[in-house]
Protein chains: 2
Amino acid sequence: MSPGRVDDVFAALGDPGRRSLVEAVAGRGSATATELAAELPVTRQAVAKQLATLAEAGLLRATRAGRETRYEVTPAPLEEAVAWMVEVGARWDDRLAALGRSLQQRRS
Amino acid sequence: MSPGRVDDVFAALGDPGRRSLVEAVAGRGSATATELAAELPVTRQAVAKQLATLAEAGLLRATRAGRETRYEVTPAPLEEAVAWMVEVGARWDDRLAALGRSLQQRRS
DNA sequence: GTACCATGCAACCAATTGGTTGCGTATCAC
DNA sequence: GTGATACGCAACCAATTGGTTGCATGGTAC
């Protein structure tokens with residue numbers, strides 16, 4: 001399990017603004033910085049920065065098409081983060097433990 | 001799904017130091033601030049602060065016994081965070097989608 | 001009661017960071 | 001070509017935050 005990667009994922013998801021950005025992108029399927037900024041009380045540059053952070057953490061993938069760059073969700077890192085949580089919490093929680101087995105089974 | 005709660009959980013897990021603290025506590029079963037600080041290059045107060053943050057996010061539970069306060073992991077918030085991730089990523093990833101069903105099934 | 005842990009609280013510091021403005025560049029429409 | 005659009009980059013700012021030192025408090029052991 002890539003160690004540093006999970007760190008970045010949690011750090012990226014740590015900011016509420018970035019979390020809602022991920023939700024927004026997920027809801028639209030894909031989105032650009034200006035699109036998202038249009039409906040938010042922040043600047044396009046602010047959104048662009050956050051998107052860059054999320055992309056660097058591997059949560060989003062940027063694709064430049066002509067003059068616009070579209071972002072979409074990349075679920076793989078989420079799965080790693082889930083794995084971390086399951087691993088930590090499994091001993092105290094039966095549901096998480098079961099979930100862990102379920103996850104492991106579906107891998108590979 | 002408690003909304004503010006998940007925010008706190010991700011924010012708490014966002015710091016690498018706090019993440020490793022959670023791991024340490026999970027590994028020991030329970031631990032005190034001084035115990036943890038003894039093996040870290042930081043002050044006891046620093047650790048205590050982080051533990052407080054984690055406890056406030058619901059990830060740890062503090063129990064004062066005599067002159068020492070022991071912390072242990074509380075997996076419930078982890079489960080909520082997992083639910084959030086699954087919900088966001090499910091559309092793009094079959095494994096996460098399956099995991100989501102698995103999670104929902106075990107809830108009640 | 002006395003010496004010794006283990007904490008809690010407060011003030012203070014340096015580094016990080018989310019956000020802004022300003023400007024330069026590339027692409028699309030006409 | 002010309003204007004409008006979508007970006008990217010850099011400098012700068014204020015707020016947050018992880019960490020420290022110092023001190024006061026409350027159990028433990030004897």
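Here is the naming used below: chain letters follow the sequence lines, and residue numbers restart at 1 for every chain. Values below: every heavy atom of this structure, side chains too, minus hydrogens, waters and symmetry copies.
Note on B:R64: only backbone sugar-phosphate atoms sit closer than 4.0 angstrom, heavy atoms only; bases stay farther off. A:R70 comes within 4.0 angstrom of nothing in the nucleic acid, heavy atoms only.
When the P atom of C:dG8 is taken as reference, atom CD of B:E56 falls 14 Å away, rounded to whole Å. Atom-to-atom, CG of B:L36 to P of C:dA6 comes out at 13 Å; the value is rounded to the nearest Å. Regarding B:L13, its CG atom lies at a distance of 17 Å from the C1' atom of D:dT17, rounded to whole Å. Distance A:L54 CG to C:dT17 P: 14 Å, rounded to the nearest Å. Following rounding to the nearest Å, A:L21 (CG) and C:dG18 (P) show an atom-to-atom distance of 12 Å. Distance A:R67 CZ to D:dG3 P: 16 Å, rounded to the nearest Å.
Between the side chain of B:E68 and the base of D:dG26, no donor-acceptor pair of N or O atoms lies under 3.5 Å. No hydrogens or angles were tested; on distance alone, a donor-acceptor pair under 3.5 Å links the side chain of A:R44 to the base of D:dG8. Contact of B:Q50 with D:dG19 (side chain to base): no donor-acceptor pair of N or O atoms is detected under 3.5 Å.
Considering only side-chain N and O atoms, B:R18 lies under 4.0 angstrom from the phosphate OP1 or OP2 of D:dG18.
Judged by the 6.0 Å distance and 45° axis criteria, B:R19 is positioned over the aromatic ring of A:W84.
Closest to the side chain of A:Q45, from the set D:dG26, D:dG8, C:dC9, is D:dG8. With C:dG19, D:dA6, D:dG19 as the choices, the nucleotide that has an atom nearest any side-chain atom of B:T43 turns out to be D:dG19. The listed nucleotides are C:dT20, D:dC7, C:dC9; the one nearest the side chain of A:K49 is C:dT20. Comparing atom distances between the A:T34 side chain and each of D:dC7, C:dG19, C:dA6 picks out D:dC7 as nearest. Closest contact between the side chain of A:T69 and the listed nucleotides D:dG22, C:dT7, D:dG8 involves D:dG8.
With B:S30 as the partner, the side-chain hydrogen bond (donor to acceptor under 3.5 Å, both in side chains) test is satisfied by one option alone out of B:E35, B:R70, B:R61: B:R70. Residue A:L21 is tested with A:D15, A:L51, A:L59, A:L60 for a side chain to side chain contact (heavy atoms under 4.5 Å, CB included); the sole match is A:L51.
Rounding to the nearest 0.5 Å gives a distance of 11.5 Å between CD of A:Q50 and CG of A:L36. Distance CG/A:L13 to CZ/B:F10: 4.5 Å, rounded to 0.5 Å.
Sequence order on DNA chain C of the closest nucleotides to B:Y71 and A:A11 puts B:Y71 first from the 5' end. Where A:P41 and B:T32 meet DNA chain C, the nucleotide closest to each residue was compared, and B:T32 sits on the side nearer the 5' end.
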